[in-house]
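Within every chain, numbering begins at 1; the chains are lettered A, B, ... in the order of the sequence lines, protein sequences first and strands thereafter.
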Amino acid sequence: MLDDVAIRIRQNIGIVTAVLLFSILYLLYNLAHPKGFSSAVLVQNGDEIFALAMLAMAQTVPVLASGLDLSVGAVMTMVGCFASYLLTGAVDGTPLHLDIFGLQLGLGTFPGGISGILLGIVVCLATGALAGFINGCIVVYGRIQPIIATLATGAVYIGIALFLRPTPGGKIDEDLNWAMTNSLGDFAATVHIFDDGAASWFAPVAWIPVPFVLLVLIALLVWVPFRRSVLGRAVYAVGSAEGAAYMSGLPIDRAKIAAFTLAGFFAGCGGLFLAIQTSSGNADIPQAGAYTLNSIASVVIGGTSLLGGTGSAIGSIFGAMVLRVISFFFRIFDIAPLLQPLFEGLILLAAVSIGALGVLRVKNTLELFR
Amino acid sequence: MSSASLSLSRDDRPILIAALFILVILVAGTIYTFARFGSAPLLSPTYLLQQLQIGAFLGIVAAGMMMVILIAQIDLSVPWTLAAAAMMATSIGGPLAIPVGLGVGLLVGLINGIGVAYLRVPSMIFTLGVNAVMRGLMVAHTGGYAPQTAATDLMRMLAGDRTLGIPNALFVWAAVSVLVTIVLQRTALGRYVYAIGNKEAAAYLAGVDTRRITVICFVLCGVAAALAGVLLAGYSTKAYQGMGDAYLLPSIAAVVIGGTNILGGRGRYLGTLIGVVLIVLLNSVLSIMDMPEAGRQVIYGLVIIFMLLVYGRGERVTS
């Protein structure tokens with residue numbers, strides 16, 4: 001029994017390290033914070049973590065299939081720009097029109113009200129998934145290296161985002177913004193369920209931030225079933241040995257397309273939340289780039305090998321949280337804003353270098369060149 | 001030249017197609033300008049030289065990037081290596097400006113190389129961290145504002161002036177190009193680079209000190225980025241925040257469009273040269289057409305995908 005546990009820990013050393021690191025850092029953060037261990041702090045942190053955590057999950061799936069997706073930040077930005085048109089919550093709907101090369105095309109009216117918002121969310125997530133699906137098709141049928149194919153599609157998606165929002169703007173329904181970015185109690189009060197959140201059985205969980213609940217739901221309802229499906233296993237198999245996976249008759253083409261589609265879907269979730277949180281759409285190219293790069297860093301910190309085949313999206317969530325908690329510390333300890341990028345970089349370098357010290361124990365140098 | 005023969009080698013095909021695509025861009029751009037303004041600026045040598053002068057900075061970065069891509073690594077620290085070299089060069093000033101700038105690139109390349117070659121950290125993540133550190137150092141150094149220091153006369157002369165009507169930056173780019181071509185084709189180092197890119201374990205077993213070669217490649221990439229930074233500071237007479245951000249992705253794209261395999265081990269420098277020219281001309285045609293940023297990004301992405309669909313396709317995995 002104990003041996004089993006020891007083996008399991010050794011097999012998942014990356015994710016265990018990430019969870020431990022996060023737990024220690026977050027405990028210290030709350031101890032140092034004047035309002036530590038309160039719902040307010042938790043809600044604020046949840047809002048700041050969610051988008052990066054989604055992008056980290058998005059990045060994980062193609063990385064598991066040993067392909068990198070450099071377009072996750074662009075997909076996030078594009079979906080956010082769509083959301084800023086579709087989720088305005090105007091009662092009589094939002095008229096949509098397309099101005100392209102001087103042409104004015106009316107596209108009818110997008111429905112308003114609650115049903116409009118729900119439809120808008122579905123459309124946004126579908127857009128993200130479609131972008132990922134296109135990535136997957138280019139990688140599989142075009143046989144172009146994922147890293148360079150997604151670099152190119154990322155430029156296209158950013159272009160679409162810029163086309164939609166040349167300047168930041170748009171609007172998100174206030175109730176939606178309030179409901180999604182606060183605690184469960186506020187969510188219940190906004191959508192009028194459980195006696196506006198005052199039901200006595202509801203009180204013990206009312207403090208939990210909505211973004212955390214969403215994160216857990218998405219992980220449990222999307223990631224875990226995918227991981228256990230044939231396609232999910234095929235993704236891992238493709239990542240560890242594509243030739244062997246092909247000879248075993250696994251659906252490697254479908255697995256790769258599924259991996260990129262899922263990445264697009266997760267990135268879409270992140271973009272949707274970011275738009276809801278900021279109540280606007282913003283085609284911010286540096287931001288998209290920063291999110292893409294941080295998603296790669298999160299994946300590595302979360303214990304997923306960039307070579308593919310081992311790791312998990314859950315680990316990446318913790319990797320993203322570690323990255324974010326580090327920046328929370330800057331606020332607590334009053335580190336000059338000018339020094340923050342330096343510390344972020346040093347901590348990232350230190351983390352990956354310490355993780356790499358195992359190479360010093362390798363006896364056969366040839367093992368290094370896998 | 002093999003372009004005359006019917007059967008093209010695997011490495012020549014991309015170069016030829018990319019060169020043809022450059023012609024297509026020139027013709028399409030000229031037709032557009034002729035129809036709209038009644039002139040053909042794209043065909044005037046002055047305009048082309050001016051565009052190539054701007055392209056020289058990208059060309060030098062791409063030359064360094066190619067060394068790293070050929071050994072199946074990547075250097076994401078280029079943007080702030082470039083900016084740091086420019087900022088240090090302008091703030092030191094005097095005759096030491098250029099050596100100090102290049103020294104910054106050498107140092108960054110050395111750190112990258114040691115992290116990737118000896119610690120075996122994936123280059124994607126290690127150079128990303130180094131980029132963040134360089135950015136942090138420069139933000140702390142400048143206080144986050146545009147530095148007030150100016151480029152030295154020598155830097156301005158190298159980047160901005162002309163000799164016999166040809167911009168000096170083009171001479172620097174040509175010198176770098178000749179150097180890289182000689183290293184890749186005529187030296188043992190070049191052979192080792194291709195060998196490592198194909199299979200590092202095999203190169204190691206054949207007696208190549210693969211880790212030292214890896215460090216050398218990263219140092220060359222760092223120095224190239226620093227040289228571009230020093231020149232760019234000379235061209236714009238000062239260093240500024242984020243001056244390198246516009247060079248990372250185009251340099252990778254130029255290398256790949258030129259037929260270099262992103263997984264390393266294959267590709268010729270001539271291709272990278274053509275890839276740079278293609279990107280520079282595409283950019284200038286788009287700016288002549290007054291294309292908004294949105295359209296530029298879309299076209300940019302579609303061109304990369306199109307070029308790779310034509311000749312950059314991988315092989316089907318069958319075993």
Flag the pair B:Leu263 / A:Gln145 as yes when at least one side-chain heavy-atom distance between them is below 4.5 Å, and no otherwise. yes

A:Arg254 atom CZ, neighbour heavy-atom count above 12 within 6.0 Å: no

Euclidean distance, B:Tyr300 OH relative to A:Leu151 CG, rounded to 0.5 Å: 7.5 Å

Nearest 0.5 Å please: distance from the CD1 atom of B:Ile125 over to the OG atom of A:Ser353. 10.5 Å

Identify the heavy atoms of B:Ala132 and A:Gly345 that sit nearest to each other, and give their distance. CB-CA, 3.6 Å

When every non-hydrogen atom of A:Leu342 is compared with those of B:Val133, the smallest separation belongs to CD1-O, 3.6 Å

For chain A, find which of B:Asn261, B:Val130, B:Leu76 contributes the most heavy-atom pairs closer than 4.5 angstrom. B:Val130

Do the side chains of B:Pro292 and A:Phe163 get nearer than 4.5 Å, heavy atoms only? no

Minimal non-hydrogen separation, A:Gly159 against B:Ala294, with atom names: O-CB, 3.3 Å

When the 4.5 angstrom heavy-atom criterion is applied to B:Arg296 and chain A, the contacting part is neither

Against chain A, work out which of B:Val256, B:Ile299, B:Val303, B:Ile252 has the most heavy-atom pairs shorter than 4.5 Å and name it. B:Val256

Can you confirm whether A:Arg165 is buried at CZ, in the sense that more than 12 heavy atoms of other residues, nucleotides or ligands lie under 6.0 Å from that atom? yes

So, the part of A:Ile296 with a heavy atom under 4.5 Å from chain B: the answer is both

Can you tell which part of A:Leu346 gets under 4.5 Å to a heavy atom of chain B, answering side chain, backbone, both or neither? both

What part of B:Leu302 is in contact with chain A, defined as an atom under 4.5 angstrom from a non-hydrogen atom: side chain, backbone, both or neither? both

If I take atom CD1 from residue A:Ile144 and atom CG from residue B:Leu309, how far apart are they, to the nearest 0.5 angstrom? 4.0 Å

More than 12 heavy atoms of other groups within 6.0 Å of A:Phe343 CZ: no

When B:Leu137, B:Leu248, B:Asp245 are compared by non-hydrogen pairs under 4.5 Å with chain A, the top option: B:Leu137

Can you tell me how far apart CG (B:Leu249) and CD1 (A:Ile285) are? Round to the nearest 0.5 Å. 10.5 Å

For the atom pair CE (B:Met124) and CG (A:Leu293), what is the distance rounded to the nearest 0.5 Å? 9.0 Å

Go through the atoms of B:Ile74 and report whether side chain, backbone, both or neither lie under 4.5 Å from a heavy atom of chain A. side chain

Heavy-atom distance under 4.5 Å to chain B: side chain of A:Leu70, backbone, both or neither? neither

